[in-house]
Amino acid sequence: MAIIALIVAGPVIASACEISFEILENKKELYQKGDVLIVKVKVVLTHRQCTQGIDATKFSYEGIKVLGATKWDEVEKGTFERKFKLQIDDDSRKKLVFGALRTCDKEGGSGSITFTVS
């Protein structure tokens, strides 16, 4: 039975980094152009000995302005957090994405958060 379950489930791809997002201020269902919010990005280095420093994390966004950001803070060994002050800058699209990407020889990791615009 266990073999059948593994075949049905398929291969599991594990990232070397876990990247998550949390809205700390001004969380809502729908955003409008000009709305400002604070988002926390959390990166957990699951392999603990990453060849890439935390500053190698790349961010991508369209229709969003970064008004400011804190430096990375290592809140516990291998876990980093950074806060961003973002402004919704485009109301021509219904969905805006703020993403993070880490690349390395251990698979790296990626994550994103989507904002719905009215």
Side-chain angles (χ1 to χ4, degrees):
M1 278 289 220
I3 293 172
I4 294 172
L6 288 175
I7 292 171
V8 173
V12 175
I13 299 171
S15 295
C17 300
E18 295 174 11
I19 302 175
S20 60
F21 295 77
E22 178 185 356
I23 299 172
L24 299 178
E25 290 181 25
N26 202 16
K27 183 175 183 174
K28 34 170 126 168
E29 298 269 331
L30 292 172
Y31 290 90
Q32 295 179 349
K33 186 174 182 175
D35 282 348
V36 175
L37 56 150
I38 306 294
V39 174
K40 178 174 72 175
V41 180
K42 182 178 181 179
V43 176
V44 178
L45 307 178
T46 56
H47 285 124
R48 302 285 184 228
Q49 295 181 344
C50 187
T51 58
Q52 300 294 318
I54 192 65
D55 289 325
T57 307
K58 305 273 189 234
F59 292 94
S60 60
Y61 46 91
E62 284 187 42
I64 298 170
K65 262 190 200 175
V66 176
L67 301 177
T70 63
K71 293 183 178 186
W72 286 107
D73 181 26
E74 189 169 14
V75 294
E76 58 185 71
K77 188 156 177 68
T79 301
F80 297 85
E81 293 181 350
R82 187 175 184 191
K83 295 176 187 168
F84 286 84
K85 185 174 187 178
L86 305 177
Q87 182 176 39
I88 303 300
D89 196 42
D90 185 354
D91 58 1
S92 66
R93 291 179 268 175
K94 297 212 180 280
K95 305 274 184 190
L96 301 177
V97 179
F98 183 69
L101 174 68
R102 289 184 52 79
T103 55
C104 71
D105 58 356
K106 296 179 182 177
E107 299 298 324
S110 64
S112 65
I113 187 168
T114 301
F115 306 105
T116 304
V117 180
S118 62

**Report entry** Side-chain donor or acceptor of Asp73 paired with backbone N/O of Val75 under 3.5 Å
**Finding:** no
Requested in this report: Could I get the full list of side-chain hydrogen bond (donor to acceptor under 3.5 Å, both in side chains) partners for Ser118, not counting sequence neighbours?
Outcome: none
Query - side chain to side chain contact (heavy atoms under 4.5 Å, CB included) involving Lys42 - partner list, sequence neighbours excluded - result: Ser20, Val44, Thr79, Glu81
Query raised in the report: Excluding sequence neighbours, so at least two apart, what forms side chain to side chain contact (heavy atoms under 4.5 Å, CB included) with Lys71?
Result: none
Query raised in the report: Using links of under 4.5 Å between side-chain heavy atoms of ILVMFWY residues, direct or through other members, which residues join Leu67 in one cluster?
Result: Val36
Query raised in the report: Under the 4.5 Å side-chain heavy-atom rule for ILVMFWY, direct or indirect, which residues accompany Leu24?
Result: Ile38
Requested in this report: Kindly write out the residues that satisfy side chain to side chain contact (heavy atoms under 4.5 Å, CB included) with Ser60, not counting sequence neighbours, or none if the list is empty.
Outcome: none
Query - Those residues that, when tested against Thr116, pass side-chain hydrogen bond (donor to acceptor under 3.5 Å, both in side chains) (two or more places apart) - result: Lys95
Query raised in the report: For Val39, which residues count as a side chain to side chain contact (heavy atoms under 4.5 Å, CB included) partner, sequence neighbours excluded?
Result: Phe21, Ile23, Leu37, Leu86, Phe115
Query raised in the report: What residues, two or more places apart in sequence or in another chain, satisfy salt bridge (Lys or Arg N to Asp or Glu O under 4.0 Å) together with Glu22?
Result: Lys40
Requested in this report: Could you note down all residue pairs passing side chain to side chain donor-acceptor pair (under 3.5 Å) where residues 23-32 supplies at least one of them, sequence neighbours left out?
Outcome: Lys28-Asp35
**Report entry** Residue pairs passing the salt bridge (charged side-chain N to carboxylate O under 4.0 Å, His left out) test where at least one lies in residues 49-63, sequence neighbours excluded
**Finding:** Glu62-Arg93
Report summary line: All heavy atoms of Thr46 vs all of Cys17, minimum pair found to be OG1-N, 4.0 Å
